[in-house]
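Read through the structure below, which is laid out as structure tokens, and then see the notes.
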Amino acid sequence: MRCCAGPGCEYLKVNGQYTYTVSPSLEILRQVAQERPGLLWVIGNEIERVDWETSDGGCAGQDEMLPEVYAEAYHEIREAIRAIDPTARFAIGGVVQFTPLRRQYLQRVWDAYRAKYGRDMPVDVWNVHVFILQEKKGEWGADIPAGIESEQGILYTIEDNKRFELGWQQLLSMRQWMKEIGQQNKPLIITEYGVNMPPHYSGFSYEEVKTSFMYPSFDQFLNYKDCNLGYGADECRLIQRWNWYSLDDDSGRFEDGEYHQFYNGNLLYSGLGGQPQGISPLGIYWREYVRGLSSEGGRPSWWLGP
């Protein structure tokens, strides 16, 4: 891990070895495992996303770790929890998107675990995020994964951000990679996905997001089956669970007397920016879709396997 962004920042070492912190602490994780057995634990969040500098000169970030260090952290946290609760299950932290550069990152995690512990990484549920963001060092988007030496990867455009077909290609590639490493017969979940570009951008109204991304994703996740790639216990579907981003993240700023959200996708208004608290247009679209499933006897979107 690092504690800053930009040139000159280095990963932390103790006695010459890269290190990391666990938050909440292992003690707290053991306590939760004792009180709530059988949980699915997601270890980390966007673990490959490098820290970035904020507009005020500060630093923001996710759970940035070198892939080899993440393999060690995953092992330590999993072992600590399983010692208390053998019924617990574990998922990796979702990378921002599954692109060739992110595949390199995950392959290094997989290889490092095998090299250090002499066996395949024990993942019960695979996890990924699905966003359509350019990969260019130091610029807007997903940047370059931690530990990967490259100046750029896939250069998605702003307009691409709402093209679900590009996200679907990522998921097909993820499932192909899982098959190649012997993990096809595992669930694949999406703990975060959606459209980032805010609704005041041209072409990114709630209606356009529904049509180009939200509804197509629901349709594909529920109905697409491929026994060459999918999870056999779920009738060969590729995706077993997904979380839309977001519930109510309508944070933003006032500019020239108007409120501009930072991100798209909120199902509810939080009360910020002059909007009353309550359901948003996208929330209404979500509700209509789910109600349609109930009337047709379909599966709700939070279902996970038999």
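Scope of the values below: all heavy atoms of this structure, side chains included, with no hydrogens, waters or symmetry mates.
- The one candidate from Tyr193, Tyr289, Trp286, Phe221 that meets the ring pair (Phe, Tyr, Trp, His ring centres under 6.0 Å) condition with Trp244 is Tyr193.
- Judged by distance alone, the side chain of Asp51 and the main-chain N or O of Gly61 form no donor-acceptor pair under 3.5 Å.
- Heavy-atom minimum distance, Tyr206 versus Pro199: OH-CG, 4.0 Å.
- Residues forming a side-chain hydrogen bond (donor to acceptor under 3.5 Å, both in side chains) with Asn264 (at least two apart in sequence, or on another chain): none.
- For Glu68 and Lys116, the salt-bridge test fails: no basic side-chain N is under 4.0 Å from an acidic carboxylate O.
- Judged by distance alone, with hydrogens and angles left aside, the side-chain atoms of Tyr74 form no donor-acceptor pair with the main-chain N or O of Gly93 at under 3.5 Å.
- At least one side-chain heavy atom of Glu64 sits less than 4.5 Å from a side-chain heavy atom of Tyr11.
- Counting only distance, with no hydrogens or angles, the side chain of Glu48 and the backbone of Val96 share a donor-acceptor pair below 3.5 Å.
- Neither Phe204 nor Ile284 shares a network with the other; the hydrophobic side chains, linked directly or stepwise wherever heavy atoms of I, L, V, M, F, W or Y lie under 4.5 Å apart, form separate groups for each.
- Taken together through direct or relayed side-chain contacts under 4.5 Å among Ile, Leu, Val, Met, Phe, Trp and Tyr, Val290 and Ile190 form part of one hydrophobic cluster.
- Residues Leu39 and Val32 have side chains in contact (heavy-atom distance under 4.5 Å, counting atoms from C-beta outward).
- Taking the charged nitrogens against the carboxylate oxygens, Arg291 and Glu288 have no contact shorter than 4.0 Å, which rules out a salt bridge.
- Here the CD-CE distance, from Glu72 to Met65, works out to 8.0 Å after rounding to the nearest 0.5 Å.
- The NZ atom of Lys162 sits 4.5 Å away from atom CD of Glu208, with the distance rounded to the nearest 0.5 Å.
- With contacts defined as side-chain heavy-atom distances shorter than 4.5 Å, the pair Asp143/Trp52 does not qualify.
- Between the side chains of Ser270 and Asp248, no donor N or O sits under 3.5 Å from an acceptor N or O.
- Residues Asn228 and Lys179 form a side-chain contact, since some pair of their non-hydrogen atoms from C-beta on lies under 4.5 Å apart.
- Judged by distance alone, the side chain of Asn196 and the main-chain N or O of Tyr263 form no donor-acceptor pair under 3.5 Å.
- Dense packing is recorded around CD of Glu255, with more than 12 heavy atoms of other residues, nucleotides or ligands lying under 6.0 Å away.
- Ring orientation note: the planes of Trp168 and Phe164 are tilted relative to one another, at an angle of 30° to 60°.
- A continuous path of Ile, Leu, Val, Met, Phe, Trp and Tyr side chains, each step under 4.5 Å between heavy atoms, connects Val95 with Ile77, placing both in one hydrophobic cluster.
- A heavy-atom distance below 4.5 Å is not found between the side chains of Asn243 and Glu192.
- A side chain to side chain donor-acceptor pair (under 3.5 Å) with Arg102 is found for exactly one of Gln107, Gln97, Glu135, namely Glu135.
- At least one donor-acceptor pair under 3.5 Å links the side chain of Arg108 to the backbone N or O of Gly147.
- Checking side-chain atoms of Tyr259 against main-chain N and O of Gly252 turns up a donor-acceptor pair under 3.5 Å.
- A salt bridge links Asp120 and Arg114; the closest N-O separation between the charged side-chain nitrogens and carboxylate oxygens is under 4.0 Å.
- Between the Gln184 side chain and the Gly230 main chain, a donor and an acceptor come within less than 3.5 Å of each other.
- Salt bridge annotation for Arg103-Glu180: present, with a cationic side-chain nitrogen under 4.0 angstrom from a carboxylate oxygen.
- With hydrogens and angles left out, the side-chain atoms of Gln261 and Asn266 include a donor and acceptor closer than 3.5 Å.
- For the residue pair Val128 and Phe98, the shortest heavy atom distance occurs at CG2-CB, 4.2 Å.
- Asp219 contributes no side-chain N or O that, together with a main-chain N or O of Pro216, makes up a donor-acceptor pair within less than 3.5 Å.
- Residue Leu66 holds its CG atom at 11.0 Å from CD1 of Ile47, rounded to the nearest 0.5 Å.
- Using bins of under 30°, 30° to 60° and over 60° for the plane-to-plane angle, the ring pair Tyr117/Tyr113 lands in the tilted bin.
- Using a 4.5 Å cut-off on side-chain heavy atoms (C-beta onward), Leu133 and Met197 make contact.
- Counting heavy atoms of neighbouring residues, nucleotides and ligands inside a 6.0 Å radius, atom CG of Asp56 exceeds 12 of them.
- A distance of 6.5 Å separates CD1 in Ile239 from CZ in Arg175, rounded to the nearest 0.5 Å.
- Seen from the ring of Tyr215, Lys210 counts as a face-on cation partner, given the 6.0 Å and 45° thresholds.
- Here the NE2-OH distance, from His260 to Tyr201, works out to 10.0 Å after rounding to the nearest 0.5 Å.
- Within 6.0 Å of CZ on Arg119 lie more than 12 heavy atoms contributed by other residues, nucleotides or ligands.
- There is no path of hydrophobic side-chain contacts, each under 4.5 Å, that joins Ile84 to Ile43.
- The backbone N or O of Leu267 sits less than 3.5 Å from a side-chain atom of Ser280, completing a donor-acceptor pair.
- Aromatic ring centres of Tyr285 and Phe218 lie farther apart than the 6.0 Å criterion allows.
- Counting only distance, with no hydrogens or angles, the side chain of Asn161 and the backbone of Ile132 share a donor-acceptor pair below 3.5 Å.
- We find the OH-NZ distance between Tyr231 and Lys225 to be 15.0 Å, quoted to the nearest 0.5 Å.
- Between Pro67 and Ala146 the shortest heavy-atom distance is CD-O, 3.6 Å.
- Using a 4.5 Å heavy-atom cutoff, the side chains of His129 and Glu46 are in contact.
- Here the side chains of Met121 and Ile92 are in contact, with some heavy-atom distance below 4.5 Å.
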